[in-house]
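Below is one structure; the comments refer to it alone.
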Amino acid sequence: MTGWLGVALWGGIVGSDSTSFPQVMVSRPLVAGAVTGLIFGRPLEGAVVGFLVEVFSLTTLPIGAARYPESGTATVAAAAAYSAVAPAGLDPGYLVLALAFALAWERLGSVTVVLQRRANGRMLIRATAMAAGKLERRHLAAMTLDFLRGAALCLLGGLSGALLIGLVGPLWGLDSGPTAALLAVLAAAMVGTSLPLFSGPVKNWLPVLAGAAAGILVAMALLP
Amino acid sequence: MTMDRSVWWAVLARSLAVQGSWNYETLTGTGFGFAILPALRRLYPDPAALDAAVGRHETPFNSHPYLAPLALGAVIRLELDGEPPEVINRFKAALRGSLGTLGDQLVWAGWRPLCVLAALALMVAGAPWYVAVLAFLVVYNIGHLALMMWGLSVGFSEGRYVAERLRGSVVRHTHGRLMKAAAFVASLTFALVAVAGVPGLAAPTSTMATVALVGAVAGAGWGERARRVGFAAVAVLVLIGVLAGTMV
């Protein structure tokens, strides 16, 4: 029970951080997932769920009025669901399910962001030419609404995710090794999609090649 | 003329919430009004004059949130210099496009993914989860807060000439170097993930690592399209995993 209250509180903070306040990036999936895991006493598991959602979110840019998936609150929900129902340790099958759930839930999150922005507009239009005090109250009310939106989204998502993953997880039939390898392929490919953001792999071919070579060398040195 | 330190800090703190009431009508306009209020209260002690000034700053505005302090500082300077409201409105309108584009390129498509990728690389390389998370938060926010503080100071000191100062600034010229660094870290991270696998899980076999490297190169080539393929691949993987379990 305390864990789910923590999820709601943390979800409110993550939901607010995405746009409203203070954008210090606790809403990044890696951070949001690790802290959610910590709430359930499973920080590594939460961080790995965050890691997987993060690689899918690298190219999502919150530019202007664009509608974009809200990965932070989705990660909180998925990491909470994973922490609540997955067996002890890191289970690749359950991780795939948590990732799939997060990728679906972030779409719902983006819908709630649009609704919130419309509600803000209505609230502010009704109060055209506000006095100083009124402006402050309306602005703070909009921020409170965003906090509540994040809290509700994470709590609802965490509970429904736990229910779904709890039902489907025991049916997982692929072995851990192949599932982990497929996750690595997916994660590497998704990290690769971020390269076009940085002027593309052709223009910056030298740092791209140097980075890839350094990555392979470091990874080989780390492997037993 | 200088800005009172308490007002400077209050505007800076409030600018962290400049997007708090983001909406499709005024965008961050009301957030701008909220953030500039401490300065307006100092400039216009008379309540009627204050409300009139607040009304002028509730109009539509948008910029990258980390560069909003630059606009806030410049507008406070114009208010302090007694510029007419029409001039201030024209100035805000002229500034919003360039601050949005610059911030998006510099922060959303540069600094942020660079820091995130470095944190992911740390995790794959075996750093404890909390080291990766804390390193990300500390390094990222040093850049974030430094940019905001710089923006407020430069905006206030340059006033209407802030755009010229921006064109010749370090911030503008950092972009190229940032792109190179981010390209290096991105390719380092995809190679690390391909060979060592997802943190905490078994490393892929050499065949699968090769497949992962090919996947990463394909991802780099296809960009956003590869992302959609990735979403579909997760759905297919779920289907196969569950079917495999139910058929046993």
Side-chain angles (χ1 to χ4, degrees), chain A residues 19-25 30-31 34 43-44 47-48 58 61 63 90 92-93 96 100 117 120-121 124-125 129 131-132 135 139 142-143 171-174 177 180-181 183-199 201 204 207-208 211-212 214-216 219 222-223, chain B residues 16-17 19-25 30 33-34 50-51 54-55 65 104 108-109 113 129 133 140-141 179-180 182-184 186-204 208 211-212 215-216 219-220 223 226-227 230 233-234 237-238 241-242 244-246 248:
Chain A
T19 305
S20 292
F21 173 82
Q23 293 201 302
V24 291
M25 295 305 133
L30 183 64
V31 183
L44 177 64
V48 174
L58 286 166
L61 306 180
I63 291 174
L90 287 164
V96 173
R117 291 175 171 187
N120 287 349
L124 296 163
I125 283 170
L135 174 103
H139 189 76
M143 287 169 67
L171 302 176
W172 192 265
L174 281 181
L183 272 176
V185 173
L186 265 173
M190 289 306 106
V191 174
T193 62
S194 68
L195 268 172
L197 274 183
F198 316 124
S199 313
N204 278 330
V208 168
I216 292 170
L222 289 170
L223 289 175
Chain B
L16 287 166
Q19 296 197 131
S21 54
W22 208 106
N23 62 87
Y24 296 108
E25 281 75 29
T30 37
F34 174 79
L50 174 66
D51 288 347
V54 168
D104 291 342
W108 291 160
W129 66 270
V133 166
Y140 177 82
N141 283 302
M179 292 295 106
K180 282 188 171 58
F184 176 84
S187 45
L188 176 113
T189 310
F190 81 55
L192 264 173
V193 175
V195 180
V198 173
L201 299 183
M208 287 307 280
V211 173
R227 203 162 157 263
V234 173
L237 186 55
V238 169
V242 174
T246 48
V248 173

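Note: hydrogens, waters and symmetry copies are ignored here, and every other heavy atom, side chains too, is used. Per chain, numbering begins at 1; letters A, B, ... match sequence-line order.
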Partner chain A: residue of [options] with the largest heavy-atom pair count (under 4.5 Å):
{"options": "Ser21(B), Pro113(B), Ala191(B)", "result": "Ser21(B)"}
{"options": "Pro204(B), Ala202(B), Gly215(B), Pro199(B)", "result": "Pro199(B)"}
{"options": "Gly197(B), Ala203(B), Ala109(B), Ala233(B)", "result": "Ala109(B)"}
{"options": "Gly200(B), Ala196(B), Gly230(B), Gly33(B)", "result": "Gly230(B)"}
{"options": "Ala182(B), Pro65(B), Ala226(B), Ala194(B)", "result": "Ala182(B)"}

If one checks every heavy atom of Tyr140(B) against chain A at 4.5 Å, the contacting part turns out to be side chain
Under 4.5 Å to a heavy atom of chain A? For Leu237(B) that would be both
Under 4.5 Å to a heavy atom of chain B? For Thr19(A) that would be both
Cut-off 4.5 Å, heavy atoms of chain B, and the answer for Met25(A) is both
Problem set entry | Polar side-chain atom of Ser187(B) near backbone of Val208(A) as donor-acceptor pair, under 3.5 Å | yes
Best-contacting candidate, [options], against chain B by heavy atom pairs under 4.5 angstrom:
{"options": "Ala188(A), Ser194(A), Ala142(A)", "answer": "Ala188(A)"}
{"options": "Leu30(A), Leu222(A), Ile216(A), Leu135(A)", "answer": "Leu135(A)"}
{"options": "Ala100(A), Ala34(A), Gly211(A)", "answer": "Gly211(A)"}
{"options": "Ala180(A), Pro207(A), Pro92(A)", "answer": "Pro207(A)"}

**Asked** Is there side-chain contact between Leu58(A) and Leu197(A), with at least one heavy-atom pair below 4.5 Å?
**Response** no
